[in-house]
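Predicted model only: the values in this text are computed from it and were never measured. Quick note: residue numbers are just sequence positions, from 1.
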Amino acid sequence: MKKLFTCLICVCVMLCSVGFIACGRTYDEDAVNLVAVDANVVGLAQDIDYYVVAEPAASAKVKVIPNLNFAGSLQQLYGGNGYPQAVVVAKNGLLGSDALTDFIDALLTSREWLLSEDVSIEHITDTINSHLTQGMEPAIKPQNLTKQVIENCGINFVQATAGKADIISFMEKLNSVGGGSFGMPAEDFFWDGGDSGEYTEKISVYAPDGAPALGIAKAMSENNVLNAEYFIVNPNTVQALVGGAEPKADICVLPVNVAVKLLGNAKNYKLVGTLTHGNLYLLSKNGEQISADNIEKLKGSTVGVVNLAAVPGLTFKVILQSHGIGFKEQ
C-alpha cells in the first residue's frame, strides 16, 4: 500500500511539471490553450483568461460586461498593415465594366467617408440595416457603433495587384496551421485591371453583416453604381452565393480563405481587392496588455475564440506560431 501511495504521488508530481488537469481539460504551461466559445459567453466564463472577438462585437461586449477590457490587437500582433481578412470578388463578365469601376471608386474612399465627422453614425447604420436580409438581427446598432469602433474594423480597400503579395503570404500561413485545406490562388485570380465592356444587366452585391457591411456602406449610401442591388446577409450563408453552376452574387465580399478555396482557380470570379485588414481583438478582465514585445505572457493561459475553426482561430494560431508559441485545442 505504501508503494502504491508513493507511485501515485510521483504521477501527480509529473503531471504538475508539464501542466495541470482541471474540469476535464489539460493545461500546458508552455502552450496557449484554445477553446471554442460562443459569443454569448464572452467575458462570463470563469476559466478563460482571454477572448478573441471581432469588432464591432468586441466593443459591444466591453461596453456591457464589467471589468472586461481590450487587451491586445491581433492586427498589431500580426505586424505590418495587419492581415488581409475580407476580400471582394467579381464575376469575370463584370471585369473592366463601368459598373465595377464605380464600385471600386466608392471602396477606395470608404474609410475616409466612414470616419468623416460629416457622416453620422445613424446614417451609416440606417444605410446598412436597410439592406439587411429580412428577419436578420443587425450586428451593427447605433448605440454600439462609434468612429473608434469603425477605426478598429480595419477597413482600407487595397486593389488586387497591390495586395497580392500579402494575400499569398497570409494564405501560406493559414495553410500551415489549417492542414493545407485552403490551397493557393491561381496567378490570374488577382485582377490586373484588364478587360472591358458594357454591362447593363442588374448587378447583385452581397456582403456579410459586420465589418464587411461597413466597408461597402459608402457604395450603398451613394448608390451610384448602375443597376446595382445590395444585400447584407448572415456570415454563415455568404459562401453559398458564389457556388454552383449559376452563382447568385455578381460581386461578393468573402473571407480571404473562403475566396481562395472556392474561387481561387479564377474560373468564374476574380479577386478585385482586399476590403478589411483585420478586426480581431483580445479581451480580458485581468488588466494585462499583450503586445508583440510581451506576447509570451500568453503561455499557459486559456483563450476562448469565437469561431475557432474559421479565420479568427486560424489567424490567432498563425500569430502564435510566428512568435514561436505552441498552442493546443481543448
Side-chain angles (χ1 to χ4, degrees), residues 75 78-114 153-175 182-197 199 203-208 211-220 224-226 228 230 238-239 241-243 247 249-279 311 314-315 318:
Q75 295 69 249
Y78 183 83
N81 295 317
Y83 54 91
Q85 188 169 4
V87 297
V88 181
V89 298
K91 280 184 178 177
N92 293 343
L94 272 173
L95 301 177
S97 66
D98 290 341
L100 184 59
T101 298
D102 290 341
F103 182 68
I104 289 174
D105 286 345
L107 298 187
L108 285 167
T109 54
S110 183
R111 174 184 170 83
E112 291 76 11
W113 182 85
L114 287 164
C153 286
I155 297 162
N156 181 27
F157 184 76
V158 175
Q159 296 193 70
T161 51
K164 177 180 177 180
D166 288 340
I167 289 175
I168 290 175
S169 175
F170 188 52
M171 288 308 305
E172 289 173 345
K173 294 172 183 176
L174 285 186
N175 280 312
F182 305 112
M184 294 296 293
E187 182 69 24
D188 60 348
F189 182 52
F190 301 90
W191 183 49
D192 61 4
D195 302 321
S196 62
Y199 197 94
I203 298 171
S204 59
V205 183
Y206 289 86
L214 278 170
I216 68 167
K218 181 175 186 284
M220 291 190 291
N224 64 344
V225 178
L226 184 65
Y230 297 91
V238 68
Q239 69 184 62
L241 300 167
V242 295
D250 295 309
I251 298 173
C252 195
V253 183
L254 295 165
V256 62
N257 60 319
V258 173
V260 169
K261 182 175 182 177
L262 297 181
L263 310 172
N265 60 9
K267 181 179 178 180
N268 296 318
Y269 292 85
K270 288 191 179 182
L271 187 146
V272 300
T274 303
L275 183 61
T276 66
H277 291 78
N279 66 327
V311 168
L314 293 167
T315 303
V318 164

For [X] and [Y], work out which heavy atoms get closest and say how close.
| X | Y | value |
| --- | --- | --- |
| Ile251 | Ala90 | CG1-CB, 4.2 Å |
| Leu214 | Ser110 | O-OG, 4.0 Å |
| Ala217 | Leu114 | CB-CD2, 4.2 Å |
| Leu271 | Val89 | CA-CG1, 4.1 Å |

Could you tell me if the side chain of [Y] sits less than 4.5 Å from the side chain of [X], heavy atoms only?
| X | Y | result |
| --- | --- | --- |
| Phe103 | Val272 | no |
| Leu108 | Gln159 | yes |
| Val253 | Thr276 | no |
| Ile168 | Met184 | yes |
| Val158 | His277 | yes |
| Leu94 | Ile203 | yes |
| Tyr230 | Val225 | yes |
| Val205 | Asp250 | no |

> Would you say the side-chain atoms of Lys91 pair up with the backbone N or O of Pro247, donor to acceptor, closer than 3.5 Å?
Replying inline: yes
>> Once side chain to side chain donor-acceptor pair (under 3.5 Å) is applied, what residue pairs with a partner in residues 79-88 remain, sequence neighbours excluded?
In response: Gln75-Tyr83, Gln85-Asn279
Report all side-chain donor-acceptor pairs from residues 254-266 shorter than 3.5 Å, counting only partners two or more places apart or in another chain.
unit_1	atom_1	unit_2	atom_2	d
Asn265	OD1	Lys267	N	3.1

> Run the side-chain contact (heavy atoms from CB on, under 4.5 Å) check on Ile104 and Trp191 step by step: do they pass?
Replying inline: CA-CA 12 Å; Ile104 289 174; Trp191 183 49; 3.5 Å; yes
